[in-house]
Amino acid sequence: MLLVGLASLSVGSIVAAPVAAAAPTASGMVGLQQGSRGDAVRSLQQALVAAGVTVTGGVDGIFGVGTAAAVKQFQSAKGLNATGVVDEATASALAGTSGAGATPTSPMFGLKIGATGDAVRQLQATLVARGYKTKGDADGTFGVNTVNALTSFQYAQRIKVTAKVDEATLAALGTPAPVPAAAPAPAPATPGGGLGFAAYGERGARVTGLQRALINAGITVRGGADGIFGSGTAAAVMAFQKAKGIRATGVVDQATAEALGLTPVTAPVVDQAPSIALQAFPVQGKCFYGDTWHVSRGSGRLHEGTDIGAAAGKNVYAAGDGRITKQYVVGTNQLTGNGLIVRMADGTYFFYAHLMDFAPGIGLGSPVKAGQIIGYVGTTGNSSIPHLHFEVHPKGGAAVNPYPLLKAVNGCGTTAPPPQP
């Protein structure tokens with residue numbers, strides 16, 4: 001349940017793969033200051049990174065506030081006058097830094113949200129090969145889904161979560177995977193009673209047969225053969241696919257079914273998708289979100305909600321009238337952190353995770369009204385960026401994609417809290 005992206009990331013600005021800059025020299029950097037642009041600034045930024053100084057914004061060739069702060073930090077560390085302007089002493093110190101100017105040659109270096117092209121496709125293919133699916137796979141666009149995959153990878157590798165390809169991330173990614181040729185996505189189970197194989201979210205005999213086949217193949221299925229195709233079964237399918245050299249998608253395609261000895265079975269007849277609408281948007285604006293439904297979270301987990309990014313401390317609202325039926329507290333759940341479940345009268349419930357804190361008077365058993373403040377956006381649990389992880393479970397069943405429901409009541413532009421009960 002790691003987020004979508006940073007509030008400071010601009011989706012609208014297209015960032016090309018960085019151009020390798022020449023090794024910095026003292027004379028080439030003297031005089032650089034806030035407002036400077038170009039290859040000399042890029043060389044400066046690369047030298048700062050090589051010296052172990054974080055440059056907010058990355059190696060983008062633009063001397064902004066983040067680069068000025070990095071220069072001041074470097075100057076202070078070297079006992080120089082911390083002006084944020086590159087004078088001769090600073091330039092000499094940077095040019096002499098071990099590894100300065102050793103620009104990574106990979107075209108993936110420096111990629112961040114907004115970038116497009118073949119370098120992004122290579123990054124996406126490499127993430128997929130490491131088990132971090134980017135929705136749309138290698139489509140060449142660094143959007144919120146690629147941010148999710150990259151930040152999940154950085155978190156799992158215990159490196160700084162930056163949402164961009166810095167040197168540490170590049171090293172952790174290792175040998176880039178080849179960019180796959182465009183190929184049709186594996187066909188999922190045929191809905192509506194047709195022949196096919198069990199699909200995520202499905203329940204019944206077809207799922208039980210899949211789970212038993214996985215167990216017989218020596219694959220552990222969390223929850224056992226319970227007839228419910230959730231994240232545990234998806235993880236087991238991915239583990240089996242990896243073991244057999246099949247593309248690990250968690251989807252039971254024809255190749256996976258044949259390897260498991262499964263034959264197509266008529267899909268169970270399901271009730272029409274439940275009609276549900278949110279009575280209130282769950283986060284105070286300004287905020288942002290994308291469709292991150294079923295994006296890989298590593299270790300076979302699939303994202304079952306929508307991540308809504310907002311500044312820490314922003315209000316979190318009840319999406320409907322109901323009651324708090326479960327409360328998670330920091331330290332008791334590694335993934336959720338502070339969290340809540342709001343259950344409506346018909347059994348539909350909303351799951352909230354990563355809250356900074358709960359609103360006064362909110363606790364287990366508390367009745368709530370749609371739009372009531374129940375907590376505040378935070379980073380508790382498996383989160384390094386302020387956001388709300390939000391799930392919708394109609395009538396208490398499996399999670400459904402909240403994205404279209406959120407879009408229908410899009411409240412990210414609304415900053416004033418609604419009247420409180």
Side-chain angles (χ1 to χ4, degrees), residues 1-5 132-136 143-149 151-152 155 200-201 228-235 250 273-274 276-284 287-310 314-320 322 324-328 333-344 347-356 374-412:
M1 289 182 282
L2 198 59
L3 184 61
V4 166
Y132 296 84
K133 184 175 175 60
T134 58
K135 195 168 184 179
V144 293
N145 297 306
T146 303
V147 169
N148 270 290
T151 53
S152 294
Y155 182 85
Y200 193 91
I228 303 172
F229 198 138
S231 59
T233 301
I276 181 173
L278 305 183
Q279 296 173 276
F281 195 80
V283 175
Q284 178 185 16
C287 56
F288 60 97
Y289 59 97
D291 187 356
T292 54
W293 177 248
H294 281 185
V295 170
S296 172
R297 282 295 182 260
S299 303
R301 292 190 302 115
L302 297 178
H303 198 245
E304 294 190 331
T306 294
D307 289 331
I308 308 172
K314 286 285 187 179
N315 294 332
V316 171
Y317 304 119
I324 306 296
T325 58
K326 191 162 186 178
Q327 183 176 22
Y328 303 84
N333 189 292
Q334 184 179 2
L335 295 177
T336 302
N338 289 329
L340 294 168
I341 286 181
V342 175
R343 190 178 297 272
M344 301 174 68
T348 295
Y349 70 86
F350 309 108
F351 171 61
Y352 299 76
H354 311 314
L355 302 178
M356 173 189 289
I374 58 175
Y376 308 97
V377 173
T379 57
T380 58
N382 186 14
S383 170
S384 60
I385 300 170
H387 75 285
L388 171 70
H389 172 86
F390 180 72
E391 293 182 16
V392 178
H393 294 254
K395 296 184 178 179
V400 298
N401 188 357
Y403 181 75
L405 304 178
L406 291 165
K407 289 290 287 184
V409 292
N410 192 5
C412 272

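Residue indices begin at 1 and follow the sequence shown.
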Using side-chain heavy atoms (C-beta onward) and a distance below 4.5 Å, is [X] in contact with [Y]?
X: Pro402; Y: Tyr289; result: no
X: Ile341; Y: Ile324; result: no
X: Leu355; Y: Val316; result: yes
X: Leu388; Y: Pro282; result: yes
X: Ile308; Y: Leu406; result: yes

Tell me if the aromatic rings of Tyr328 and Phe351 count as close, with their centers under 6.0 Å from one another.
yes

Is it the case that Tyr376 and Asn338 place a side-chain donor and acceptor less than 3.5 Å from each other?
no

Is [X] reaching over with its side chain to a backbone N or O of [Y], donor-acceptor style, under 3.5 angstrom?
X: Thr336; Y: Ala353; result: no
X: Thr348; Y: Lys395; result: yes
X: Tyr352; Y: Tyr317; result: yes

For the residue pair Phe390 and Phe350, categorise the inter-ring angle as parallel (less than 30°), tilted (30 to 60°) or perpendicular (more than 60°).
parallel

About how many Å separate CE of Met356 and OG1 of Thr380, when rounded to the nearest 0.5 Å?
9.0 Å

